[in-house]
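This report refers to the structure that appears directly beneath it.
In what follows, every chain begins at residue 1, and chains take the letters A, B, ... in the order their sequences are listed.
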Protein chains: 2
Amino acid sequence: MITNKALRETKQRNAILGFLRNTRSHPTADQIYEAVRENIPNISKGTVYRNLQVLIDNGIVSVLDIRGTLSRYELKQETHYHFRCEACGRVCDLDEPVDRGLDDRISKRTGFIVSGHQTEFRGRCADCHRPSPKIHKES
Amino acid sequence: MITNKALRETKQRNAILGFLRNTRSHPTADQIYEAVRENIPNISKGTVYRNLQVLIDNGIVSVLDIRGTLSRYELKQETHYHFRCEACGRVCDLDEPVDRGLDDRISKRTGFIVSGHQTEFRGRCADCHRPSPKIHKES
DNA sequence: TTAGGTGCAAAACCTTTGCCATCCC
DNA sequence: GGGATGGCAAAGGTTTTGCACCTAA
């Protein structure tokens, strides 16, 4: 969700952004905290988390593995894609055929051993098409 | 990791499996717990988690959003793929071109509003090619 | 001036574990 | 019998929040 609130510039926020700009390491919140702490020794983790959330809400930062998302389980089956509704949280399977060659291509290109990949689409399901970001259900 | 230990059949384990077989809802651990509790009122969450782990280790169940994985942050950028090394935990960007048409195809096929997708490859990076699952580094 | 930010500490949450009794093979 | 499991409760680790005090604009 993109907020319209005024975004202030603070040394803490700038430090976090500065760190993210200068790394390619996909840091965890804790790693960001430790890094920023070198310059702002008394910054708190709460501030780091709050800032990350603000930056995410404003489309400046993104998260790998949706933050705070609960793990979800399913019986193992043929690789398939998932769709997660950003409004109601529901997760469902998609029948789009999976590109099985992708793993090999990545493997050849990088020299890494690729065991597989997982793709998740985000958006709004049929029940949540309408405007207001109401939570209809959590399934 | 596929273990070779004997897999016993217990009513708790069967209940969990039975529930997973009869749902398409990608339940959370808590949802599984609540469901199974209807038949086995005094089952504990620890049992649910332990069983899920055993089933995962034996390739019977899989998880969406790697369990227990810390959130990782990065500056928002052009959609790209990630690779996560299962040995050292490192995450890195891949330069494989992203299939931008995928979102549209999914949207047309499902009628859902698709805002994007996230793909993560798993495997072993160059530093971790060798046999023993040693943890080389966590970055 | 004042809404947005920050520190600190406590709370909330999800998941893992230790211990010991119990059950399946 | 003996190793695999289960129940319970405590511990662990990450993320969120309440509150009172700042500070950028």
* ring pair (Phe, Tyr, Trp, His ring centres under 6.0 Å) partners of B:F19, counting only residues at least two apart -> none
* **Electrostatic pair A:R122-A:E86, nearest N-O below 4.0 angstrom** => no
* Report the nucleotide, chosen from C:dG7, D:dG7, C:dT15, that has the shortest atom-to-atom distance to any side-chain atom of B:I40. => D:dG7
* **Any B:T47 side-chain nitrogen or oxygen under 4.0 Å from OP1 or OP2 of D:dG6** => no
* **Residue-phosphate contact under 4.0 Å: B:Q12 side-chain N/O, C:dC23 OP1/OP2** => no
* Structure fact -> Whole-Å distance, B:R50 CZ to C:dC19 C1', equals 10 Å
* Structure fact -> All heavy atoms of A:A29 vs all of A:L52, minimum pair found to be CB-CD1, 4.2 Å
* **base_contact_polar (D:dT5 base, B:R13 side chain, donor-acceptor, <3.5 Å)** => no
* Asked: Over its full length, what angle do the end axes of the helix from C:dT1-D:dA25 to C:dC25-D:dG1 make, each axis taken from five pairs and the result rounded to 10 degrees?
  -> 40°
Using atom types as modelled, flag every donor-acceptor pair under 3.5 Å from a side chain in residues 93-106 of chain A to any protein atom, sequence neighbours excluded.
unit_1, atom_1, unit_2, atom_2, d
A:D93, OD1, A:H80, NE2, 3.0
A:D93, OD1, A:H82, NE2, 3.3
A:D93, OD1, B:H26, NE2, 2.6
A:E96, OE1, B:R109, NH2, 3.3
A:E96, OE2, B:R105, NE, 3.1
A:E96, OE2, B:R105, NH2, 3.4
A:D99, OD1, A:G101, N, 3.1
A:D99, OD1, A:L102, N, 3.4
A:D99, OD2, A:R105, NH2, 3.2
A:D103, OD1, A:H117, ND1, 2.7
A:R105, NE, B:E96, OE2, 3.1

* **Nearest atoms (heavy-atom pairs only) where B:I43 meets B:R37** => CG2-CA, 4.2 Å
* Whole-Å gap separating P (D:dA25) and CZ (A:R8) -> 7 Å
* Please work out whether the ring planes of B:F83 and A:F112 are parallel, tilted or perpendicular, with thresholds of 30° and 60°. => tilted
* B:I43 CD1 to D:dG7 C1', straight-line distance once rounded to whole Å -> 10 Å
* To do: Would you indicate what A:N51 reaches in the nucleic acid, counting non-hydrogen atoms under 4.0 angstrom: base, sugar-phosphate, or nothing?
  => sugar-phosphate
* **Separation of C:dT22 P from B:K11 NZ (nearest whole Å)** => 13 Å
* In whole angstrom, what separates B:R37's CZ from D:dG7's P? -> 12 Å
* Spacing between B:Q31 atom CD and C:dT15 atom P, to the nearest angstrom -> 11 Å
* To the nearest angstrom, how far is A:I32 atom CD1 from D:dT14 atom P? -> 13 Å
* Nearest of C:dT6, C:dC8, D:dG6 to any side-chain atom of A:N42? -> C:dC8
* Are the side chains of B:I56 and A:Y73 in touch, meaning some heavy atoms are under 4.5 Å apart? -> yes
* Structure fact -> Whole-Å distance, B:D57 CG to D:dT5 C1', equals 15 Å
* Closest nucleotide of DNA chain C for B:K45 versus for B:E9: which of these residues is on the 5' side? -> B:K45
* Would you mind telling me which residue lines up with the more 5' stretch of DNA chain D, B:T10 or B:G46, judged by nearest nucleotide? => B:T10
* Asked: Can you find a side chain N or O atom of A:S71 that sits less than 4.0 Å from OP1 or OP2 on C:dT15?
  -> yes
